[in-house]
2 protein chains.
Amino acid sequence: MGKAYNVMAATCPSRTVLHRIGARWTVFIVNALDNRPMRFTELKAHIRGITPKALTETLRAMEYDGLISRTEIPANPPHVEYALTDLGRSLLAPLRAIREWAESHVPDIERARAQADAQR
Amino acid sequence: MGKAYNVMAATCPSRTVLHRIGARWTVFIVNALDNRPMRFTELKAHIRGITPKALTETLRAMEYDGLISRTEIPANPPHVEYALTDLGRSLLAPLRAIREWAESHVPDIERARAQADAQR
DNA sequence: GATACCGGTATAGAATCTATACCGTCCCGG
DNA sequence: CCGGGACGGTATAGATTCTATACCGGTATC
């Protein structure tokens with residue numbers, strides 16, 4: 001049985017999936033929810049620099065795709081908790097790898113950029 | 001010795017690195033150059049739907065970051081070859097994993113979306 | 001000399017992201 | 001009962017990025 005989906009095909013549905021998980025803030029949210037559920041404000045503080053609009057939109061999209069769950073907790077005071085679903089947790093390994101690559105290759109990239117700048 | 005870089009910090013240089021490798025078409029190019037170098041037109045045909053402008057810009061950015069090399073080959077007729085550098089090849093495993101996740105979880109995502117649509 | 005391929009540019013419009021300000025609800029202290 | 005703050009967002013405008021589409025100069029081939 002061959003591959004069912006191929007991102008290289010222009011109209012393959014995997015394109016939209018890839019687009020979503022590659023979106024600007026998805027990798028941050030998945031990594032942030034690694035250990036435990038978090039509230040909106042907690043996420044905003046944790047992912048420094050994200051605007052509430054970007055956070056809202058990314059969370060909504062991820063919820064729509066079944067990657068996270070949004071739970072209103074009617075405690076006192078009431079609040080909202082975002083958590084990874086099983087599907088979202090399956091993204092954890094690949095996206096953690098991306099994050100780690102970025103964090104560990106900063107010097108390589110900076111060296112390459114400096115060298116490229118110097119050559120002009 | 002603690003972590004040197006942390007993507008969650010707003011001004012950490014790893015942010016720009018992450019931004020670059022998460023860019024719209026980077027994952028496609030890295031996956032396309034997995035096996036062998038390719039020419040501009042070859043890449044454009046392989047990554048269906050990419051516009052020449054997007055391809056040019058992504059290739060330039062990746063070259064600037066040292067992920068790929070651009071070689072003009074003065075053969076007859078002359079042409080241009082793009083290839084992964086060692087640094088680019090180190091991205092192959094994580095980005096292939098992302099691609100594979102996207103290709104293998106299409107049904108899950110579609111199910112989640114259908115369910116979310118149905119609930120409204 | 002005409003035509004085709006390669007490796008791109010140019011331009012305009014659409015979509016997306018960012019910055020910044022604001023809002024309604026709930027709770028707590030005074 | 002009133003003020004203030006935390007929470008979970010919205011609203012608006014501007015900047016940035018992406019897409020669609022057309023075009024172009026150089027080289028080879030017919």
Side-chain angles (χ1 to χ4, degrees), chain A residues 7-12 15-29 32-33 36-65 68-83 120, chain B residues 7-12 15-29 32-33 36-65 68-83 120:
Chain A
V7 292
M8 297 301 179
T11 60
C12 182
R15 272 281 172 97
T16 77
V17 173
L18 187 53
H19 197 205
R20 208 45 87 65
I21 69 181
R24 184 81 181 83
W25 296 105
T26 304
V27 56
F28 292 92
I29 293 177
L33 296 179
R36 57 185 178 85
M38 281 196 189
R39 300 190 195 180
F40 186 88
T41 334
E42 233 175 335
L43 280 167
K44 193 155 75 70
H46 198 79
I47 306 171
R48 255 133 349 139
I50 193 171
T51 64
K53 184 163 182 280
L55 184 52
T56 300
E57 282 169 5
T58 311
L59 288 171
R60 294 274 190 278
M62 291 177 69
E63 190 192 0
Y64 181 65
D65 286 356
I68 58 173
S69 64
R70 177 184 185 280
T71 316
E72 295 184 19
I73 294 177
N76 204 342
H79 60 271
V80 180
E81 245 181 35
Y82 292 97
R120 270 182 306 116
Chain B
V7 293
M8 296 301 180
T11 60
C12 182
R15 272 281 172 95
T16 77
V17 172
L18 187 55
H19 196 204
R20 207 47 85 64
I21 69 181
R24 185 83 182 80
W25 295 105
T26 304
V27 57
F28 292 93
I29 292 178
L33 295 180
R36 59 184 177 85
M38 282 196 187
R39 303 190 194 180
F40 187 89
T41 334
E42 233 175 334
L43 279 167
K44 191 156 76 70
H46 198 80
I47 305 171
R48 259 142 334 148
I50 193 171
T51 63
K53 184 164 182 282
L55 183 53
T56 301
E57 282 170 4
T58 311
L59 288 171
R60 294 276 189 276
M62 291 176 70
E63 191 192 358
Y64 181 66
D65 285 356
I68 59 173
S69 63
R70 179 185 183 277
T71 315
E72 294 183 21
I73 294 177
N76 202 341
H79 60 271
V80 179
E81 245 181 35
Y82 292 96
R120 270 181 308 116

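Quick caveat: nothing in here was measured; it's all calculated off a predicted structure. A note on names: the letters A, B, ... follow the listed sequences, proteins ahead of strands, and every chain is numbered from 1.
- Contact annotation: Trp25(B) reaches the phosphate of dT19(D) (side-chain N/O to OP1 or OP2, under 4.0 Å).
- Bracketed by its first and final contacts, the part of DNA chain C lying under 4.0 Å from non-hydrogen atoms of chain A reaches from dT18(C) to dC27(C) in 5' to 3' order.
- Between the OG1 atom of Thr51(B) and the CD1 atom of Ile47(B) there is a distance of 11.0 Å, given to the nearest 0.5 Å.
- Qualifying side chain to side chain contact (heavy atoms under 4.5 Å, CB included) partners for Ala10(A), counting only residues two or more places apart in sequence or in other chains: Arg15(A), Arg48(B).
- Here the straight-line distance linking atom CZ of Phe28(A) with atom CD1 of Ile50(A) works out to 8.0 Å at 0.5 Å rounding.
- The side chain of Tyr82(A) contributes no N or O atom lying less than 4.0 Å from OP1 or OP2 of dC7(D).
- Thr71(A) meets the side chain to side chain contact (heavy atoms under 4.5 Å, CB included) test with Ser69(A), Ile73(A); sequence neighbours excluded.
- Rounded to whole Å, atom C1' of dG8(D) lies 16 Å from atom CE of Met38(A).
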Could you list the donor-acceptor pairs under 3.5 angstrom formed between side-chain atoms of residues 52-65 of chain A and any protein atom two or more places apart in sequence or on another chain?
{"from": "Lys53(A)", "atom 1": "NZ", "to": "Glu57(A)", "atom 2": "OE2", "distance (Å)": "3.2"}
{"from": "Thr56(A)", "atom 1": "OG1", "to": "Pro52(A)", "atom 2": "O", "distance (Å)": "2.8"}
{"from": "Thr58(A)", "atom 1": "OG1", "to": "Ala54(A)", "atom 2": "O", "distance (Å)": "2.7"}
{"from": "Tyr64(A)", "atom 1": "OH", "to": "Asp117(B)", "atom 2": "OD1", "distance (Å)": "3.0"}
{"from": "Tyr64(A)", "atom 1": "OH", "to": "Asp117(B)", "atom 2": "OD2", "distance (Å)": "3.0"}
{"from": "Asp65(A)", "atom 1": "OD1", "to": "Arg20(A)", "atom 2": "NH1", "distance (Å)": "3.3"}
{"from": "Asp65(A)", "atom 1": "OD1", "to": "Arg113(B)", "atom 2": "NE", "distance (Å)": "2.6"}
{"from": "Asp65(A)", "atom 1": "OD1", "to": "Arg113(B)", "atom 2": "NH2", "distance (Å)": "3.3"}
{"from": "Asp65(A)", "atom 1": "OD2", "to": "Arg20(A)", "atom 2": "NH1", "distance (Å)": "2.9"}
{"from": "Asp65(A)", "atom 1": "OD2", "to": "Arg113(B)", "atom 2": "NH2", "distance (Å)": "3.2"}

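- For Pro77(A), there are no side chain to side chain contact (heavy atoms under 4.5 Å, CB included) partners two or more places apart in sequence or in a different chain.
- Comparing Glu57(A) and Thr56(B) along DNA chain C, the residue whose closest nucleotide (by nearest heavy atom) sits nearer the 5' end is Thr56(B).
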Could you tabulate the donor-acceptor pairs under 3.5 Å formed by side-chain atoms of residues 36-43 of chain A, not counting sequence neighbours?
{"from": "Arg36(A)", "atom 1": "NH1", "to": "Glu42(A)", "atom 2": "OE2", "distance (Å)": "2.8"}
{"from": "Arg36(A)", "atom 1": "NH2", "to": "Glu42(A)", "atom 2": "OE2", "distance (Å)": "3.3"}
{"from": "Glu42(A)", "atom 1": "OE1", "to": "Arg39(A)", "atom 2": "N", "distance (Å)": "2.9"}

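- Under the rule for a side-chain hydrogen bond (donor to acceptor under 3.5 Å, both in side chains), the partners of Arg70(A) that lie at least two apart in sequence or sit in another chain are Glu72(A), Tyr82(A).
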Atom pairs, protein N/O to nucleotides 27-29 of chain D N/O, distance under 3.5 Å:
{"from": "dA28(D)", "atom 1": "OP1", "to": "Asn76(B)", "atom 2": "OD1", "distance (Å)": "2.5"}
{"from": "dA28(D)", "atom 1": "O5'", "to": "Asn76(B)", "atom 2": "OD1", "distance (Å)": "3.4"}

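- Annotation: proximity of residues 41-53 of chain A to DNA chain D (heavy atom, distance under 4.0 Å) is found for Thr41(A), Pro52(A), Lys53(A), numbered in ascending order.
- Residues satisfying the salt bridge (Lys or Arg N to Asp or Glu O under 4.0 Å) criterion with Glu81(A), sequence neighbours excluded, are absent altogether.
- Rounded to a whole Å, the CG atom of Leu55(A) is 9 Å from the P atom of dG9(D).
- The interatomic distance linking His19(A) (NE2) with dT19(D) (C1') rounds to 11 Å, in whole Å.
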